[in-house]
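Notes for the one structure printed next.
Nothing here was measured: the structure is a model prediction, and the numbers come from that model.
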Amino acid sequence: MRVPFIVLMVALLGFLAGCTDDSTLNETEVKELVADLSGSDEVSAASIDDRELKVEDEEKTTIYPLPEEEFFVSIAPYETYTHPCEIHSLTGCQGELAEKEMKITVTDEQGEVHVDKLMTTPANGFIDLWLPRDQTYTVEIEADDKIGELQFSTFSGEPTCLTTIALS
């Protein structure tokens with residue numbers, strides 16, 4: 001069930017007014033807030049590491065814990081240019097391939113496919129995924145007859161921003 005947009009906006013407005021603490025959003029609401037903030041300019045800054053979402057405005061920083069069983073990763077494949085990144089900035093990272101359709105396949109070490117679908121990158125050029133924690137995956141991305149592949153992990157301390165997948 002999707003959390004109604006208005007619930008998230010009320011939580012965000014409460015945050016902006018300095019009234020929200022990290023215990024007011026459940027895991028689903030935190031994931032929806034991440035989706036709403038991705039590429040947004042509604043707050044000064046928002047970043048996401050392996051354990052928490054940190055949202056900053058001019059007056060306050062609020063930290064939201066992430067789901068215990070899921071790991072957030074944001075992937076920006078490239079053809080010409082990229083940038084180094086480990087902790088994804090939802091409000092600052094910009095990938096090269098914005099608004100581009102891609103086939104995304106994510107497979108774990110046992111061969112189980114976790115993602116296999118066409119996705120379109122939003123204006124920030126990143127594909128956001130939630131995957132089970134404590135596993136190693138291979139992501140294959142195909143766009144315009146170009147393919148790139150990368151192995152990554154979802155263990156504690158691993159990067160949430162993957163920008164080294166060259167499509168060729």
Exercise for review: Could you tell me whether the side chain of Cys161 reaches within less than 4.5 Å of the side chain of Ser74, counting heavy atoms only?
Suggested key: no
**Study point:** Ile75 with Ile48, same ILVMFWY side-chain cluster at under 4.5 Å
**Key:** no
**Study point:** Inter-residue atom distance Thr121.OG1 - Ile141.CD1, 0.5 Å rounding
**Key:** 10.0 Å
**Study point:** Thr163 side chain to His83 backbone, donor-acceptor under 3.5 Å
**Key:** yes
Revision key, fill the gap. Shortest non-hydrogen pair, Leu97 vs Pro77, comes out as CD1-O, 3.6 Å
Exercise for review: Taking all non-hydrogen atoms of both residues into account, name the closest pair between Thr164 and Tyr78 and its distance.
Suggested key: C-CE2, 3.9 Å
Point to revise | Intermediate values then yes/no, side-chain hydrogen bond (donor to acceptor under 3.5 Å, both in side chains), Asp57 and Ser44 | key: CA-CA 5 Å; Asp57 71 4; Ser44 298; over 6 Å; no
**Study point:** Validation row: Lys60, Thr62 side chains within 4.5 angstrom (heavy atoms)
**Key:** yes
**Study point:** 4.5 Å side-chain heavy-atom contact, Glu52 and Pro65
**Key:** no
Exercise for review: Heavy atoms only: give me the nearest Ile87-Cys85 pair and the separation to one decimal.
Suggested key: O-SG, 3.6 Å
Point to revise | Main-chain N/O of Ser156 paired to Arg133 side chain as donor or acceptor, under 3.5 Å | key: no
Check your understanding: Taking Thr154 for the side chain and Gln135 for the main chain, is one N or O donor matched with an acceptor at less than 3.5 Å?
Key -> yes
Practice item. Check Leu131, Leu150, Val115, Thr105 against Val139 for a side-chain contact (heavy atoms from CB on, under 4.5 Å) and give me the one that passes. Key: Leu150
Practice item. Begin with the C-alpha distance, continue with both residues' side-chain angles, and end with the deciding distance and a verdict on side-chain hydrogen bond (donor to acceptor under 3.5 Å, both in side chains) for Ser89 and Ser47. Key: CA-CA 4 Å; Ser89 171; Ser47 61; over 6 Å; no
Check your understanding: Counting N and O atoms only, with roles assigned by atom type, does the side chain of Glu70 sit under 3.5 Å from a partner on the main chain of Pro67, one being a donor and the other an acceptor?
Key -> no
**Study point:** Lys/Arg N to Asp/Glu carboxylate O, Glu79 vs Lys146, below 4.0 Å
**Key:** yes
Exercise for review: Please check if Tyr64 and Leu90 belong to a single hydrophobic cluster, counting links between Ile, Leu, Val, Met, Phe, Trp and Tyr side chain heavy atoms closer than 4.5 Å.
Suggested key: yes
Review point. Within the side chain of Thr138, is there an N or O that forms a donor-acceptor pair under 3.5 Å with the backbone of Gln151?
Key: no
Practice item. Might you point out which heavy atoms bring Thr61 and Glu56 nearest each other, and give the distance in Å? Key: OG1-CG, 3.4 Å
Study note, to complete from the structure: Shortest non-hydrogen pair, Ser38 vs Asp128, comes out as OG-OD2, 3.0 Å
Check your understanding: Linking I/L/V/M/F/W/Y whenever any side-chain heavy atoms sit under 4.5 Å apart, do Ile104 and Phe71 land together?
Key -> yes
Check your understanding: How long is the gap from CG on Leu53 to CG on Leu25, to the nearest 0.5 Å?
Key -> 9.0 Å
**Study point:** Step-by-step side-chain hydrogen bond (donor to acceptor under 3.5 Å, both in side chains) determination, Thr80 to Glu96
**Key:** CA-CA 8 Å; Thr80 308; Glu96 174 188 20; 3.2 Å; yes
Point to revise | Neighbour count >12 (heavy atoms, 6.0 Å) for atom CD, Glu69 | key: no
Point to revise | Other residues, nucleotides, ligands: >12 heavy atoms within 6.0 Å of Glu68 CD | key: no
Practice item. Could you walk me through whether Met119 and Leu129 pass side-chain contact (heavy atoms from CB on, under 4.5 Å), step by step? Key: CA-CA 11 Å; Met119 300 177 82; Leu129 302 172; 4.1 Å; yes
Check your understanding: Salt-bridged, Lys103 to Glu140, with N to O below 4.0 Å?
Key -> no
Review point. What's the verdict on side-chain contact (heavy atoms from CB on, under 4.5 Å) for Val30 and Glu32, showing C-alpha distance, side-chain angles and the deciding distance?
Key: CA-CA 5 Å; Val30 168; Glu32 291 292 329; over 6 Å; no
Review point. Within the distance-only criterion (no hydrogens, no angle test), does the side chain of Thr160 pair as donor or acceptor with the backbone N or O of Val73 below 3.5 angstrom?
Key: no
Practice item. For Ala143 and Met102, work out which heavy atoms get closest and say how close. Key: CB-CG, 3.9 Å
Check your understanding: Any sub-3.5 Å donor-acceptor pair from Thr91's side-chain atoms to Asp41's backbone N or O?
Key -> no
Exercise for review: Would you kindly confirm whether Phe72 and Ile127 end up in one hydrophobic cluster when ILVMFWY residues are joined by side chain heavy atoms under 4.5 Å apart?
Suggested key: no
Exercise for review: Could you tell me whether the side chain of Ser40 and the main chain of Glu42 form a donor-acceptor pair under 3.5 Å?
Suggested key: yes
Review point. Do Asp144 and Lys100 meet the salt-bridge criterion of a basic N to acidic O distance under 4.0 Å?
Key: yes
Study note, to complete from the structure: Separation between CD1 (Ile63) and NZ (Lys54), nearest 0.5 Å, reads 6.0 Å
**Study point:** Residues Phe126, Cys93; criterion side-chain contact (heavy atoms from CB on, under 4.5 Å); working and verdict
**Key:** CA-CA 8 Å; Phe126 279 81; Cys93 283; 3.5 Å; yes
Practice item. Spell out, as yes or no, whether a donor-acceptor pair under 3.5 Å connects the side chain of Asp50 to the backbone of Gly157. Key: yes
Review point. Would Trp130 end up clustered with Leu37 when hydrophobic side chains under 4.5 Å apart are linked, directly or stepwise?
Key: yes
Point to revise | Parallel, tilted or perpendicular: ring planes of His114 versus Tyr137, cut at 30 and 60 degrees | key: perpendicular
